[in-house]
Undergrad: 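Sharing a structure below in structure tokens format, with a few things to ask.
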Amino acid sequence: MDVDEPVCLPRLSRIAVCGGTHGNELPGVYLVRDVLKLQRRASEGEEDDGEEHTSMLTVLSNPRAVQQCRRYTDTDLNRCFTLATLNGPTSDSPPYEVLRAQELNTMLGPKGGPGAVDLVCDLHSTTANMGLCFIAYSDCDWICLHIFKHLQRRMPDTPMRFIHLGISGKESYSLDSVGKHGFAMEIGPQPHGGVRSDIYAVMSAGVRHMLDWVGLFNSGAVFEGGWVDVFTLVKNIDYPRDSKTHNITAAIHSHLQDRDFCLLRPHDPLFQTFTGETLRYEGGEPLYALFINECSYYEKGIALSLARKRRLAIPAIRAQTEEEEQADERALTSEEEE
């Protein structure tokens with residue numbers, strides 16, 4: 001293939017925008033509610049113009065947790081989308097979030113199946129100073145990377161990063177993994193249980209630009225290749241803890257607090273104990289610190305995460321024509337018959 005020849009990918013006919021996977025992350029909750037309201041108004045006066053439109057589902061993912069303004073009621077919904085959990089037998093009294101994950105898989109999936117929605121964007125907010133982040137399992141999903149690149153161009157004043165989890169599709173555990181393509185849009189700093197107008201505005205603009213990109217892609221536009229900086233997660237670091245009580249004994253050092261995506265070098269200040277002692281980073285290589293002091297991660301034993309940064313080349317892409325899609329369908333049917 002010629003270097004400049006675009007990679008042809010199936011059109012994105014069905015997409016889902018989800019909020020409230022964590023019930024106390026309110027910017028996504030209110031954005032989804034607002035979009036639902038607009039959709040209802042539009043559908044009341046809608047006329048069929050004979051043109052094919054992209055179908056968009058808006059989903060309030062965890063309504064019970066949203067009602068209680070809690071991260072979850074029984075267990076973290078955003079860890080319930082592994083194939084084992086989705087397809088496994090349920091107990092006599094399964095956690096609410098497990099049942100809800102299976103409902104969402106029926107609605108948006110099935111995960112890994114040909115009937116799954118083409119793209120899932122799951123909206124999240126964080127107490128950490130992260131700016132706007134895409135979080136995805138793959139570093140070669142050209143759809144997600146091009147959407148990210150598009151948002152970078154359209155929102156130049158917003159700090160923006162792409163986080164690669166580096167986990168296989170089989171082991172992927174979050175709602176966005178149900179779609180054929182998917183990512184979490186994570187924005188902060190935002191206290192849980194409230195809404196900051198600036199954070200809501202950034203999230204709203206990000207979703208709007210994503211939808212604009214989908215429309216352009218489906219219309220046949222060619223998107224040039226380029227470069228994207230990707231942060232690949234390496235490990236998580238817990239707080240120092242008392243060996244007997246397991247209570248934390250230190251907080252993030254003031255030198256590091258609110259400096260998400262800074263380069264943490266060996267011997268840099270990392271924690272400050274409650275007695276005033278500075279504890280330093282003892283890793284063997286410089287790594288980038290992120291999700292610094294995210295409050296919902298205390299229960300997970302994560303004070304911060306560390307990642308490697310690299311520059312990734314992405315190819316030019318375009319949507320397949322109807323003829324190309326039909327040819328692919330015929331080829332797939334022939335393979336299944338054989």
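Numbers for residues simply follow the sequence, beginning at 1.
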Undergrad: Taking atom types as modelled, is there a side-chain donor on R14 or S55 under 3.5 Å from an acceptor on the other?
TA: no

Undergrad: Which of parallel (below 30°), tilted (30 to 60°) and perpendicular (above 60°) describes F148 and F162?
TA: perpendicular

Undergrad: Charged N to carboxylate O under 4.0 angstrom, E97 versus R64?
TA: no

Undergrad: Distance only, no hydrogens: is a donor on one side chain within 3.5 Å (strictly under) of an acceptor on the other, for S305 and K235?
TA: no

Undergrad: Quick test of your reading of the model: are R311 and D229 salt-bridged, counting only N-O distances below 4.0 Å?
TA: yes

Undergrad: Does F81 have any ring pair (Phe, Tyr, Trp, His ring centres under 6.0 Å) partners at least two apart in sequence or in another chain, and if so, which?
TA: none

Undergrad: Please identify each residue that fulfils ring pair (Phe, Tyr, Trp, His ring centres under 6.0 Å) with F261, with sequence neighbours left out.
TA: F231

Undergrad: Does one side chain, of T21 or N62, offer a donor that lies under 3.5 Å from an acceptor on the other?
TA: no

Undergrad: Sorted by first residue and then second, give each side chain to side chain donor-acceptor pair (under 3.5 Å) pair with at least one member in residues 264-276; sequence neighbours left out.
TA: T273-T275

Undergrad: Do R196 and D198 sit within salt-bridge range, that is, some charged N less than 4.0 Å from a carboxylate O?
TA: yes

Undergrad: Looking at R161 and D260, does any basic side-chain N land under 4.0 Å from a carboxylate oxygen?
TA: no

Undergrad: Side chains of F223 and L216: does their closest heavy-atom pair fall under 4.5 Å?
TA: yes

Undergrad: Parallel under 30°, tilted from 30 to 60°, perpendicular over 60°: which one fits the rings of H253 and H255?
TA: perpendicular

